[in-house]
Peer 1: 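Next up is a structure, given as structure tokens.
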Amino acid sequence: MKQDRTAPTPAPAEPLDQQLDHHPYADLDRMARALLAQNTGGVSPFSISQAIGDWALHMSRAPGRQMELAERAVTNTLKVLADATGTSDTPPFKPMPYDHRFTHAGWDRMPFRFWKQSFLATQDWWNHATDELRGLSQADSDRVRFMMRQMLDIVSPSNMPITNPEIIERTLDCHGQNILEGARHLAEDFVQTLTQHRPESPEGFRIGQDLACTPGQVVYRNELFELIQYTPTTPQVHAEPVLIVPAWIMKYYILDLTPQNSMIRYLVDQGFTVFAISWCNPGQAQAELTLESYRKDGVMAAIEAISTIVPDQKIHAAGYCLGGTILSIAAATMARDEDDRLASVTLLAAQTDFSEAGELLLFLDESQVAFLEDLMWAQGYLDRPQMTRAFATIRAEDLIYTRAVKRYWLGKEDLPSDLTVWNNDTTRMPARMHSEYLRGLFLENRLTAGRFAVEGRVIALKDISVPLYVVGTESDHIAPWKSVYKIRLFTDCDLTFTLTSSGHNGGIVSEPGHPHRHYRTGHRAPEARYVDPDTWLAEHAPAEGSWWTNWADWLAAKSSGQGQPPSMGAADYPPLAPAPGTYIYQE
């Protein structure tokens, strides 16, 4: 007996233009908050003050913790003094593994060693001061820790030319030329920030020539995306085509960088017919695009086109990051509606449950989301700098301060690479869609709570019956692998989980031959009992090399055989332009 899911249907996330409209001066309030948000980078000062107040009030009624912190302050001070006087054999404090600000040999000499150890001792003290405290919200504790880390990073001795031995050494060697070069870099970056003009790609990293250069044709285009079909390179291809659904928070060519590390080219060379979505870069005119737009006019429109170009064949669909989230929504909807056009689903560093969504949750609560909504209400979108800052501050030590020192004080140019060119090619988020995403998924976690409705009816990931291949990355701070792993709790189908080394981007772009790469992989049969992530990790030994080979073998095993390559496009979907299309160039 089919389950009735038509009632009760949860209300969708409230659109921006309908919130608080019962009050006559609501727009004035929203405009005031939007103006404030433009000057705070989209960060809500109300969320910050609430977190600090919560921490301070709980700390004020914890005399035991106060005594502990006082003792730690004394202990840390004595450790630093002992190290400064040479009575300590090893440095008492070490930077975090991802903190590369103190790698220069000069930091081991006095007085630079003293300044470095003093900074790290202070950092250590604040880490303990923001440990969990009885009665204190864990979210507020983590947020205060994050904010204090940001404040300490500003006054790090590595940022100051007179307290950084590397800057002093470079200035003496270059006779001050590095300072002049740094001033030029600062002026260039200031102009680029004001104009938001995409910097020209360096020689050897041109889009369409060196990057995103896998041959193909755009075979479909609508307001939201272009669909690219790639030219086969093998005489025979697997019967089932592959659809790549990238995140719209980024340009798609993260999966089609240089020919050497292009996932798309690799799949084509393995005998797969590959299609990829290239999303538009939305502006104010697309402010009303919704999550449903990305599902229906994006993923489903692409599936419809592919089903016409490659008739009578099911589709291997693969989604990366947010693309994986919308693909899982589309797959669950298709399963509910008995649409059997999918052969398998692959989710690459994609979350379906957002209760442990990593450090991005530090930015999100009701006040922060409302603050961003007002900013987007005024602009029509979340702008590129606002997105970039949010990701950069998570690893500010490397992504902000280390880069700033190298560029402005040491006078060094950024070394070009395919990933840095792609990373600078940022996109915007449509206002309504981003509001629905933040509220419906991040804040309310509706997808795995059984409260996410599509076309008026709730969907469930448990309905997905096609094989799943899910990839997490070990050091991912955007989609932590244990959060990605949680899809095992919400599905019963045949599932292969793969955990690869590196982070959110580097772990996915991990081509065969890449040095120092490994992965673990394990299979869960349908209806098998749940295994927690720590147990799973202990039970699966790492294999050296790229997980791409394992995935390609898995796709081949889930395919039905090989035959002649399909035509490029079809009568209803004629080729419109050579790959990589036109949307990739939108600024």
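Excluded from the calculations below are hydrogen atoms, water molecules and symmetry mates; all remaining heavy atoms, backbone and side chain alike, are included.
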Peer 1: If you measure only the distance, is there a donor-acceptor pair under 3.5 Å linking the side chains of Ser367 and Ser44?
Peer 2: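 Checked: Ser367/Ser44 side chains pair up, N/O donor to acceptor below 3.5 Å.
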
Peer 1: Looking only at side-chain N and O atoms, does Thr214 offer a donor or acceptor that is under 3.5 Å from a partner on Asp256?
Peer 2: yes

Peer 1: Verify whether one side chain among His316 and Ser344 offers a donor that lies under 3.5 Å from an acceptor in the other.
Peer 2: yes

Peer 1: Asn159 and Tyr408: side-chain donor and acceptor closer than 3.5 Å?
Peer 2: no

Peer 1: Tell me whether the centres of the aromatic rings in Phe442 and His434 are closer together than 6.0 Å.
Peer 2: no

Peer 1: With no hydrogens and no angle check, just 3.5 Å: does a side-chain donor-acceptor pair link Trp551 and Thr498?
Peer 2: no

Peer 1: Distance only, no hydrogens: is a donor on one side chain within 3.5 Å (strictly under) of an acceptor on the other, for Ser328 and Thr325?
Peer 2: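 No, because no side-chain N or O of Ser328 sits under 3.5 Å from a partner of the opposite role on Thr325.
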
Peer 1: If only atom types and distance count, is the side chain of Ser435 paired as donor or acceptor with the main-chain N or O of Ala431 below 3.5 Å?
Peer 2: no

Peer 1: Judged by modelled atom types alone, do Thr420 and Asn423 share a side-chain donor-acceptor pair under 3.5 Å?
Peer 2: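 No - no donor-acceptor pair under 3.5 Å links their side chains.
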
Peer 1: Can a side-chain donor-acceptor contact be found between Asp353 and Ser355 if the only test is distance below 3.5 angstrom?
Peer 2: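 Note: Ser355 and Asp353 side chains meet the donor-acceptor criterion.
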
Peer 1: Could you tell me which residues satisfy side-chain contact (heavy atoms from CB on, under 4.5 Å) with Ala247, sequence neighbours excluded, listed by chain and number?
Peer 2: Ile249, Met250, Cys321, Leu322

Peer 1: List in chain and number order the residues that pass salt bridge (charged side-chain N to carboxylate O under 4.0 Å, His left out) with Glu203, two or more places apart in sequence or in another chain; answer none if no residue qualifies.
Peer 2: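 Partners of Glu203 by the salt bridge (charged side-chain N to carboxylate O under 4.0 Å, His left out) criterion, ordered by chain and then number, come out as Arg206.
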
Peer 1: With Ser49, which residues qualify under side-chain hydrogen bond (donor to acceptor under 3.5 Å, both in side chains), at least two apart?
Peer 2: none

Peer 1: Would you kindly say whether Asp418 and Asn261 are connected by a side-chain donor-acceptor distance under 3.5 Å?
Peer 2: yes

Peer 1: Evaluate the ring planes of Trp248 and Trp279, with Trp represented by its six-membered ring, and classify them as parallel (under 30°), tilted (30 to 60°) or perpendicular (over 60°).
Peer 2: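 Trp248 vs Trp279 ring planes: perpendicular.
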
Peer 1: Strictly by modelled atom types, are Asn281 and Glu587 linked by a side-chain donor-acceptor pair under 3.5 Å?
Peer 2: no

Peer 1: What distance separates Thr582 OG1 from Arg221 CZ, expressed to the nearest 0.5 Å?
Peer 2: 4.0 Å

Peer 1: Could you check whether the rings of Phe497 and Trp481 sit parallel, tilted or perpendicular, using 30° and 60° as the cut-offs?
Peer 2: tilted

